[in-house]
Undergrad: 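Okay, here's the structure, questions in a sec.
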Amino acid sequence: MIRAVVFDVGECLVDETREYGTWADWLGVPRHTFAAVFGAVIAQGRDYRETFQEVRPGFDLDQERERRAAAGQPEYFGEEDLYDDVRPALAQLRADGLWLGIAGNQTVRAGGLLRGLFTGDVDLIGTSDDWGASKPDSAFFERVASVVPFDVSEILYVGDRVDNDIRPAVAAGMPTALIRRGPWANIQWNTSDAERLPTLRISSLLELPEQIAKLNASER
């Protein structure tokens with residue numbers, strides 16, 4: 001039985017198009033070029049942060065975040081950056097009686113933005129900076145399991161990445177849902193792990209209520 005649903009953030013709830021566009025602007029790189037390099041880095045199985053090194057060798061992400069904030073251009077996402085299916089999906093899942101959480105690799109600042117957007121909609125908001133553990137480390141998913149009031153086998157983790165979300169969540173004993181949007185999911189969608197590992201493969205969060213209901217009915 002699925003009793004809780006925990007969501008990743010970037011490209012699951014938040015469309016990061018604008019944010020990465022502002023990074024390209026900050027670096028003085030054409031947005032199309034930055035996006036192309038970003039996709040190439042991901043397709044090669046490398047850490048997305050290496051994109052910054054490709055366009056500016058020696059780039060320090062933490063330092064540049066501080067510089068952006070000092071310049072009045074801090075990292076930011078708001079209601080306008082949420083995917084259209086987020087609000088209705090959360091509302092339906094809540095109406096169905098499911099416990100809801102948000103947990104992803106995010107900074108302290110991003111955690112504050114998430115709380116401003118979702119405190120009234122979910123039961124938990126946790127970030128890697130809050131917890132001192134980042135995906136795909138097992139410690140991150142152990143922390144998720146420790147704060148959700150259900151057995152690990154009853155927690156559905158929803159994410160867009162096989163490497164950061166699905167594989168480690170499955171290793172932790174969680175059922176998972178892989179959503180096809182954003183660069184990672186589209187690049188990884190037809191890989192063997194993307195086809196084999198997730199409990200559910202979805203194109204919209206609006207599919208979750210019905211799919212979860214079917215799963216739970218099959219367990220009765």
Undergrad: Any side-chain heavy atom of Pro168 sitting closer than 4.5 Å to one from Asp137?
TA: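 No, every pair of side-chain atoms sits at 4.5 Å or beyond.
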Undergrad: For this output row, return yes or no: ring centroids of Phe34 and Trp23 closer than 6.0 angstrom.
TA: no
Undergrad: Short question: side chain of Arg181, backbone of Ser204 - any donor-acceptor pair under 3.5 Å?
TA: no
Undergrad: Donor-acceptor check, side chain of Asp47 to backbone of Arg49, threshold 3.5 angstrom: yes or no?
TA: yes
Undergrad: When rounded to the nearest 0.5 angstrom, what is the spacing between CZ in Arg201 and CG in Leu178?
TA: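 Spacing of CZ (Arg201) from CG (Leu178) equals 6.5 Å.
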Undergrad: Any donor-acceptor pair under 3.5 Å linking the side-chain atoms of Ser128 with those of Gln106?
TA: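 Ser128 and Gln106 do not have a side-chain donor-acceptor pair below 3.5 Å.
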Undergrad: Does a sphere of radius 6.0 Å around CG in Asp193 hold more than 12 heavy atoms from other residues, nucleotides or ligands, not counting ones at 6.0 Å or beyond?
TA: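 Buried by this count: over 12 neighbours within 6.0 Å.
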Undergrad: Has Arg18 got a side-chain atom pairing as donor or acceptor with Asp81's backbone, closer than 3.5 angstrom?
TA: no
Undergrad: Any ion pair linking Glu19 and Arg68 (charged N to carboxylate O, less than 4.0 Å)?
TA: yes
Undergrad: Under 3.5 Å, is there a donor-acceptor pair between the side chain of Asn105 and the main chain of Ser134?
TA: no
Undergrad: Checking Asp130 side chain against Thr127 main chain: does a donor-acceptor pair fall under 3.5 Å?
TA: yes
Undergrad: Output yes when a side-chain donor or acceptor of Gln53 lies under 3.5 Å from a complementary backbone atom of Gly58, and no otherwise.
TA: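 Yes, the answer is positive, given that a donor and an acceptor are paired below the 3.5 Å cut-off.
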Undergrad: Are Phe38 and Trp184 close enough that their ring centres sit under 6.0 Å apart?
TA: yes
Undergrad: Can the ring centres of Phe7 and Phe118 be said to be less than 6.0 Å apart?
TA: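 For Phe7 and Phe118, the ring centres are not under 6.0 Å apart.
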Undergrad: Counting distance only, does the side-chain N/O of Asp123 pair as donor-acceptor with the main-chain N or O of Leu100 below 3.5 Å?
TA: yes
Undergrad: Main chain of Leu61, side chain of Glu64: is a donor-acceptor contact present, judged purely on distance under 3.5 Å?
TA: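 No, Glu64 side chain to Leu61 backbone: no donor-acceptor pair under 3.5 Å.
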